[in-house]
Amino acid sequence: MPPVAVQLHSLLFKLLLRRRLSSLSAPAPAPAPAALFGVSSRPADQRPSPPSNPSFSPASPDGVATKDLHPDPLSSLHLRLFLPNPNHHAAAPVPRPLRRNSFPQRDPAPGQDQLSRRASASFHAVGVSPEPAPAPEPAPAPATRDYGGYLPSAGAARSAVRRKLPVIVQFHGGAFVTGAADSAANDAFCRRVARLCDAIVVAVGYRLAPESRYPAAFEDGVAVLRWIAKQANLAACGRTMMGKGTGADSFGAAMVEPWLAAHADPSRCVLLGVSCGANIADYVARKAVEAGKLLDPVRVVAQVLMYPFFMGSAPTRSELKLANSYFYDKSSCLLAWKLFLPEGEFSLDHPAANPLVPGRGPPLKLMPPTLTVVAELDWMKDRAIAYSEELRKVNVDAPVLEYKDAVHEFATLDVLLKTPQAHACAEDIAIWIKKYISLRGHELSY
């Protein structure tokens, strides 16, 4: 049983959610052609969103920089990138090594500069370790280094070896009708994931219903994966042309996102979906399997489904027992599905809702390793567990993590983000993800 404060907040949350869904389901005039652009957030539904901060300054004490992008000018698709500072964990002073003859080094005279090789030159990008300059100047502390969205200077870029980070594509929750990639809760959760996994997180602000019904949100997820592949190919093309002496203004240089070009390793891509975002992640994983090498160099190595928004016409035990559960009950979710699915096509066995209907896509044995996170008090948990069992039957690594006394969105809802369960869930997810993004092999396992 969750605490009394959580129960009271759940009652208020369900009341507001039901009122919001009812207002969205009210008949509206036919949309104008400009309305096809859609919306990716509803400001009235969100707390003030934290602004993007593309620098490692005291404003981001967790060592994660952020920036907002709109990759598609024809829709409201919105991305927020989270870049962890590779030097964040190296801020503490490191003991000076001893000489080969085991005698300690002599301490420098008072006032004499004492700089390590790693900090012997100033630079604009993170994760770059240039060779020492003849006349070094003290570099700012790692906590105040500013990335600024620019590539390092040409000399530093040629002499330095950049650190490549895996990419985690994250889809927020909100029953397809609310939520945003830059909401306060989603921002805090993505910062936590980026820091724990040491990876670049791309939070996707997909188009919301009922302005944009199925398959708009799902297509946005696939479009982001193709955009990441395009960015990698443009960066590779630019490096090739620069190597031929064409200069820095090579073809496509203005279109390249510098954070991804400098630090992303798209061959280690993980999909992470929260609630209805898990439905989108599973769809994107299926499309990635179907695309195969057409998405090169992007390779989806794993996916994480956090309390998926799965439903079906045949009720499960949890759907009967917990239909009036906390935060998202069955009646509200049914109304959300009616707003999301095309008019006249509402069905609980729709491929977007039920993962076990036949003909959804490629065979399950081709799916990437899938971690499923469920909550004990979530009425949708049994169908998510059943989907995980079907994956294990065809030898896909598909463990299930069930958290006791937990509710739907217990690790991502704003009022629950600081609970011990939320922290433990993020750490457990990071442990499992590192099994597939580690460059040293699959040394981490459950």
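- In this structure, a donor-acceptor pair under 3.5 Å is present between the side chains of Ser332 and Asp329.
- Listed here is the closest heavy atom pair of Pro71 and Leu79: CG-CD1, 3.7 Å.
- Atom CG of residue Asn354 and atom CZ of residue Arg383 lie 5.0 Å apart, to the nearest 0.5 angstrom.
- A distance-only check finds a donor-acceptor pair linking the side chain of Lys381 to the backbone of Glu376 [under 3.5 Å].
- Two residues are said to be in side-chain contact when any heavy atoms from C-beta on lie closer than 4.5 Å; Gln170 and Phe82 fail this criterion.
- For Lys330 (side chain) and Leu320 (main-chain N/O), no donor-acceptor pair under 3.5 Å exists by modelled atom type.
- Taking the six-membered ring where the residue is Trp, the centroids of Tyr307 and Tyr403 are separated by 6.0 Å or more.
- The closest donor-acceptor contact from the side chain of Gln231 to the backbone of Met255 lies under 3.5 Å.
- For Thr372 (side chain) and Val400 (main-chain N/O), no donor-acceptor pair under 3.5 Å exists by modelled atom type.
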Side chain to side chain contact (heavy atoms under 4.5 Å, CB included) assessment of Thr66 paired with Asp182: CA-CA 10 Å; Thr66 61; Asp182 60 348; over 6 Å; no
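- Taking OH from Tyr436 and CZ from Arg299, the interatomic distance works out to 11.0 Å, rounded to the nearest 0.5 Å.
- Residues Ile168 and Cys197 form a side-chain contact, since some pair of their non-hydrogen atoms from C-beta on lies under 4.5 Å apart.
- Here the side chains of Gln7 and Leu11 are not in contact, with every heavy-atom distance at 4.5 Å or above.
- Looking at Asp349, its side chain does come within 3.5 Å of a backbone N or O of Ser313 through a donor-acceptor pair.
- Between the side chains of Glu409 and Thr412, at least one donor-acceptor pair of N or O atoms lies under 3.5 Å.
- Nearest heavy-atom pair across Cys425 and Met306 is SG-CE, 4.0 Å.
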Evaluation steps, side chain to side chain contact (heavy atoms under 4.5 Å, CB included), between Asp198 and Leu165: CA-CA 7 Å; Asp198 199 17; Leu165 302 176; 4.1 Å; yes
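- Between Arg191 and Pro50 the shortest side-chain heavy-atom distance does not fall below 4.5 Å.
- The two residues Asp397 and Pro399 make their nearest non-hydrogen contact at OD1-CD, 3.4 Å.
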Full working for side chain to side chain contact (heavy atoms under 4.5 Å, CB included) between Leu208 and Thr178: CA-CA 7 Å; Leu208 301 177; Thr178 62; 5.7 Å; no
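- Salt bridge status for Asp382 with Arg317: absent, with no side-chain N to carboxylate O gap under 4.0 Å.
- Tested against His408, the residues Trp379, Phe327, Tyr328 include a single ring pair (Phe, Tyr, Trp, His ring centres under 6.0 Å) partner, Tyr328.
- Remark: side-chain polar atoms of Lys287 are not paired, donor with acceptor, to backbone N or O of Gly361 under 3.5 angstrom.
- Within the model, atoms CG of Leu339 and CG of Leu335 stand 5.0 Å from one another, a figure rounded to the nearest 0.5 Å.
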Evaluation steps, side chain to side chain contact (heavy atoms under 4.5 Å, CB included), between Arg207 and Ser75: CA-CA 8 Å; Arg207 288 172 289 174; Ser75 77; 4.1 Å; yes
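- The environment of NZ in Lys230 is sparse: at most 12 heavy-atom neighbours from other residues, nucleotides or ligands sit within 6.0 Å.
- Taking each heavy atom of Ala180 and Ser41 in turn, the nearest pair found is CB-CB, 3.5 Å.
- Residues Ile228 and Pro266 come closest through the heavy atom pair CG2-CB, 4.3 Å.
- Between Val177 and Leu21, some side-chain heavy-atom pair lies under the 4.5 Å cut-off.
- Residues Gln421 and Asp405 have side chains that never bring a donor and an acceptor to within less than 3.5 angstrom of each other.
- Between Tyr387 and Phe310, the angle of the ring planes goes over 60°, which puts this pair in the perpendicular group of the 30/60° scheme.
- Between the side chain of Asp414 and the backbone N or O of Ala185, no donor-acceptor pair lies under 3.5 Å.
- In this structure, CG in Asp72 is found 11.0 Å from CD in Glu219, a value given to the nearest 0.5 Å.
- Put simply, the side chain of Gln303 never gets that close to the backbone of Gly273: no donor and acceptor are under 3.5 Å apart.
- Here Phe176 and Tyr214 keep their ring centres 6.0 angstrom or further from each other.
- For CZ of Arg213, the number of neighbouring non-hydrogen atoms (other residues, nucleotides, ligands) closer than 6.0 Å is greater than 12.
- Between the Asp220 side chain and the Leu77 main chain, no donor and acceptor come within less than 3.5 Å of each other.
- Looking at Val224 and Phe171, their side chains never come closer than 4.5 Å, going by heavy atoms from C-beta outward.
- Closest approach of Trp259 and Leu81 over heavy atoms only: CZ3-O, 3.9 Å.
- A donor-acceptor contact closer than 3.5 angstrom is absent between the side chains of Arg19 and Ser23.
- The closest side-chain heavy-atom distance from Leu334 to Met311 is below 4.5 Å.
- Proximity of a side-chain donor or acceptor of Arg80 to a complementary backbone N or O of Ala203 within less than 3.5 Å is not detected.
- Val407 places none of its side-chain heavy atoms less than 4.5 Å from the side chain of Ser10.
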Verdict with reasoning, His172 to Tyr206, per ring pair (Phe, Tyr, Trp, His ring centres under 6.0 Å): CA-CA 9 Å; His172 65 80; Tyr206 50 85; 4.4 Å; yes
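- Here the straight-line distance linking atom CG of Leu356 with atom CG of Leu364 works out to 8.0 Å at 0.5 Å rounding.
- Taken to the nearest 0.5 Å, the CG atom of Leu17 stands 7.5 Å off from the SG atom of Cys333.
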